[in-house]
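Lettering of chains follows the sequences in order, A, B, ..., and the numbering in each one begins at 1. Not measured: the values here are computed from a predicted model. What you see below is based on every heavy atom in this structure, not just the backbone, and it leaves out hydrogens, waters and symmetry mates.
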Amino acid sequence: MNYWLVKSEPVKYSWEKFNKDGRTFWDGVRNYQARNNLREMKEGDLVLFYHSNEGKEVVGIAKVVKEFYQDPTTEDTNWCVVDLSPVETLKKPVTLEQIKADERLKDIGLVRQGRLSVMSLKPEEFDRVIELGS
DNA sequence: GCCAACGTTGGC
DNA sequence: GCCAACGTTGGC
């Protein structure tokens, strides 16, 4: 079991919309590092959902319901998507500020490599965010 | 709206 | 294969 974090701008695709949809394919990844992470995802892996730009907080937990396949929005075989479904909304969203201030989350990809849109998390980082959010 | 970080592109 | 130019992302 692996843990991940994905980013979305709420204006583009928000947690609320995601919950209404119940399931979505995660498209729009056009970065090789992020793409490689997508390909590593296995069905059942848990994924933190982060709102970038607006909010700047982790708002909920999703899970991988289908492993990577060709991105249906492009012919370019370089790119792929995975299917995600919402699992749970955090009682208290965990802000970027909190994450930066937390000793145990210092090394999280979100802080170290701010521009990456799909990143892996260590189990303890995942747990810590959940802890802060409940 | 600005700027820093960083990935990608293209000329050599 | 190097590196400068450029584009994009995302925090502030």
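Considering only side-chain N and O atoms, A:Y32 lies nowhere under 4.0 angstrom from the phosphate OP1 or OP2 of B:dC6. Taking 4.0 angstrom as the limit, A:K56 places none of its side-chain polar atoms (N or O) nearer than this to OP1 or OP2 of C:dG10. OP1 or OP2 of C:dT9 has not a single side-chain nitrogen or oxygen of A:K12 nearer than 4.0 Å. The side chain of A:Q113 contributes an N or O atom lying less than 4.0 Å from OP1 or OP2 of B:dG7.
Note: CG (A:L116) to P (C:dT8) measures 18 Å, nearest angstrom. Following rounding to the nearest Å, A:L5 (CG) and C:dG10 (P) show an atom-to-atom distance of 11 Å. Protein atom CG of A:N31 is 10 Å distant from nucleotide atom C1' of B:dC6, rounded to whole Å. Protein atom CD of A:E97 is 19 Å distant from nucleotide atom P of C:dG10, rounded to whole Å.
You'll find a donor-acceptor pair under 3.5 Å spanning the side chain of A:R115 and the base of C:dT8, going by distance alone.
Between A:F49 and A:P86 the shortest side-chain heavy-atom distance does not fall below 4.5 Å.
Evaluated for a side chain to side chain contact (heavy atoms under 4.5 Å, CB included) with A:E57, the options A:L90, A:T95, A:L96, A:V94 yield exactly one hit, A:T95.
Residues A:W79 and A:Y32 bring their aromatic ring centres within 6.0 Å.
How far CG of A:L121 is from CG of A:L46: 10.5 Å, rounded to the nearest 0.5 Å.
Taking only side-chain atoms of A:Q33, from C-beta outward, the nucleotide of B:dG7, C:dG10, C:dC12 with the closest atom is B:dG7.
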